Amino acid sequence: MQVASWLSEFEPPLEVPEVFIEQLREQLEVTARHAAAIVRSTAPEQLPIRVPKSRLADLDCCERKALAAYQADHAEQSITAPMLRGVALDRFVTYQLVAGRVTEPLQTCLSMLEAEAEDSAIAAFEALGPEASAALIDPLAAQVADAWSGIDPAWVPRTQSKAAAVFADGAVVCSGIIDVELGGPSAGVPGVIVEVKSGKPVAAHQAEAYLYGLLLALRDGLAPGAVARWYPGSDLAAVAVSEGLLESAATRLERAMLRWAELLCGRTPQESSGPWCGWCPDNEVCPSSRVDPGAPAGAEGDLEFEAEFDPERDW
Amino acid sequence: MTSQIEPSKIEPSTREGREALARQITERLCDSVEQLLGEQYRVEPGVRPNYFADGLVVDAFRVTERCPRKLAGPSSDYRDSVAMSRRRVGLLAVRELDNRAGTSQPMLVSTAVQQVMADPTNWPSSLRDWVDSLDRAGQAAVAAAAITWAESALRLVGRDARVKWAEPSQKPKWNVPGRLVQLSASVDAVLGGVSSGEKLLILSDAVPGPADRLRAGFTALVRTLGARHAPLRVTVGSPATGLLQPIPVTQELLELAADRAVEMIGLLANPDSAGTVAGRWCGYCHLLEDCDAGRTQLAAGGSATM
């Protein structure tokens, strides 16, 4: 289904009461203060505790991977072809929303990256070569046009919109960048979130969308009507935002705060093998590693590449 | 030289008090700079001062920098980009919305951004030249980021005719008299006027934290020095969190900011004296290659981008 059709037919669910959102905020605040106290007593230099979406996803998979990814030198990480696909997909959706159909996919992507000063991604495309790059991303442009055209401007689509929650006087920060935000309080229509995904659907994507629903509810004091994921060539996977959804996202975030606090203080991370071992920085030294030799190297899609909003750096 | 007014008695809630505060803080800063710089960075009589080429420019972006060495050796590789232009284009768009306020149908933010991008005649020249150099896709990236910026600003502040959004080419600045030293800040919007007291708004990508006080203080300082009256308060807005933190402008706040400004001037004037404070910020520092402390910090597991 086209996003435009979905939006035009969208029936906002029963509004989550503001008092419920405030209760969640208080519940998160209590846990955050506990997590901050743990770190403050043992490793205060590690404050603030940052729990962006990628860390929550890593902690859901394997604590050792979460810690290894934290300690890895990101400057040395190579950008893989699936990552480039995710990079291009985000740009194509943005372009479609602002300027219409993408007619020259590779050039469009490179021009947007140039304007964004994303030199490493440009270099990765250059290393791949024009033909392979085109083969990788050309089909995405048509899929984006099919799904993302014709959206009523009254929804005021915003891309790469930031949402963050701060707890315990700044000692715990959870932040994210929402791919596409539509509607919302200032637009006079219910807010919805769409996460754009280039890889295969995995459970982490759903949890991520729920987290963004929570962050938006905390940011605006008003829950969005729905959180959705879009995969090229697939229908939109949308979920109405309810009290239960927000509560589950909050519980996951609380658990991550505490686990991450303990890991920062030196607790030995638990190892849990799975498909994620293939892109874990510790995969060659971890005794639990389960690397499928046939699996492609590197992270899948945009799961790992997307740089998290770092408030310090952005300032 | 000392102030004629007893510092502890300056009451910033009145217009007279805010003007007295401005006089006091100007004297304090000038005296401190005089002592700090001696014969360095004096304006030559008859020569038009070029603060960027020959002098020191102390801007708000660096006021919360924790490593003195990084502060004293700023990166010189500034590059126009979407991230560096979204606020300015976004401000032009919200000003366009203000101009159209009162018409029958409220204008959409996206329409305002399209309109300002279609007519860059009155833009700051450097911004106009850069955006002109981009192709359609590059300009789409700028427009998308500006829409997101403007919408998030309005979501936080609301569409209020009393709010005067800043003209992006006009930054609050103040030149230290007789010195090649300029203080420069950035304000996103102003509410109120001199008689009732100005309320300044600065929007920050940073999540709210202790650094906001210094950030707000420096902004208030530059405005105070330039306008010769202190603002009533500075509100730090965080669109990402939806939080607005009003910080009253007091004598203590201005003195804190003035002392920091003097410290920054000293570091910029004598960069060799700057020590190093390692931390998470080392991971994205342009001096990392030549900084033992920073490399040690990162080797110990202090990731910066997390």
Side-chain angles (χ1 to χ4, degrees), chain A residues 45-46 48 50 52 54-55 69-75 91 94-95 97-99 102 104 107-118 153-154 156-166 169-170 173 175 181 184-187 215 218-221 307-315, chain B residues 61 64 79-85 106 108-111 113-114 130-131 134-145 147-152 154-156 158-159 204-212 215 238-243 279-281 283-284 288 298 301-306:
Chain A
E45 72 283 0
Q46 296 284 1
R50 296 185 191 281
S54 56
R55 179 138 318 123
Y70 171 61
Q71 290 164 341
D73 185 346
H74 288 256
R91 270 79 197 167
T94 296
Y95 187 93
L97 291 170
V98 173
V102 174
E104 296 176 277
Q107 187 51 50
T108 297
C109 183
L110 290 174
S111 292
M112 294 179 83
L113 291 170
E114 176 69 28
E116 294 167 28
E118 290 285 1
V156 197
R158 286 90 74 197
T159 52
Q160 305 301 303
S161 173
K162 291 169 183 170
V166 184
D169 300 323
V173 180
S175 60
E181 195 183 339
S186 58
L215 290 179
L218 295 171
R219 186 190 74 185
D220 298 343
E308 283 300 338
F309 163 38
D310 181 339
E312 292 289 342
R313 188 173 187 175
D314 268 83
W315 163 250
Chain B
F61 293 106
T64 55
R79 181 173 161 192
D80 284 309
S81 67
V82 168
M84 302 305 286
S85 62
L108 294 171
V109 167
S110 50
T111 309
V113 169
Q114 282 166 4
W130 180 68
V131 173
L134 300 173
D135 65 9
R136 182 176 163 83
Q139 291 188 0
V142 175
I147 290 168
T148 303
W149 187 94
E151 185 66 25
S152 69
L154 291 171
R155 186 190 65 235
L156 188 67
R159 289 196 186 194
S204 171
D205 275 343
V207 292
D212 286 342
R215 211 172 275 155
S238 159
T241 61
L243 297 174
R280 293 178 299 103
W281 46 89
Y284 45 86
L288 181 63
L298 292 186
S303 177
T305 54
M306 297 291 111

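Numbered from 1 within each chain, the chains take letters A, B, ... in sequence-line order. Model, not experiment: these values are computed from the prediction.
In terms of heavy-atom pairs under 4.5 Å with chain B, the best-connected choice from Gly170(A), Gly221(A), Ser111(A), Cys109(A) is Ser111(A).
Using a 4.5 Å cut-off between heavy atoms, Arg136(B) contacts chain A through both its backbone and its side chain. With a threshold of 4.5 angstrom between heavy atoms, Gln139(B) does not approach chain A through any atom at all. If you measure heavy-atom distances from Trp130(B) to chain A, the contacts under 4.5 Å come from the side chain alone. Looking at Leu154(B), neither its backbone nor its side chain comes within 4.5 Å of chain A, counting heavy atoms on both sides. Both the backbone and the side chain of Ala144(B) come within contact range of chain A, judged by heavy atoms closer than 4.5 Å. Both the backbone and the side chain of Thr241(B) come within contact range of chain A, with heavy atoms under 4.5 Å apart.
Shortest non-hydrogen contact noted between Ala150(B) and Val109(B) is CB-CG1, 3.7 Å. Asp205(B) and Lys162(A) get closest at one heavy-atom pair: OD2-NZ, 3.4 Å. Counting all heavy atoms, side chain and backbone alike, Val98(A) lies closest to Ala143(B) at CG1-CB, 3.7 Å. Nearest approach of Ser204(B) to Arg215(B), heavy atoms of both residues: OG-NH1, 3.4 Å.
A donor-acceptor pair under 3.5 Å is formed between the side chain of Arg158(A) and the backbone N or O of Val156(A). No side-chain donor-acceptor contact under 3.5 Å links Thr108(A) to the backbone of Ala137(B).
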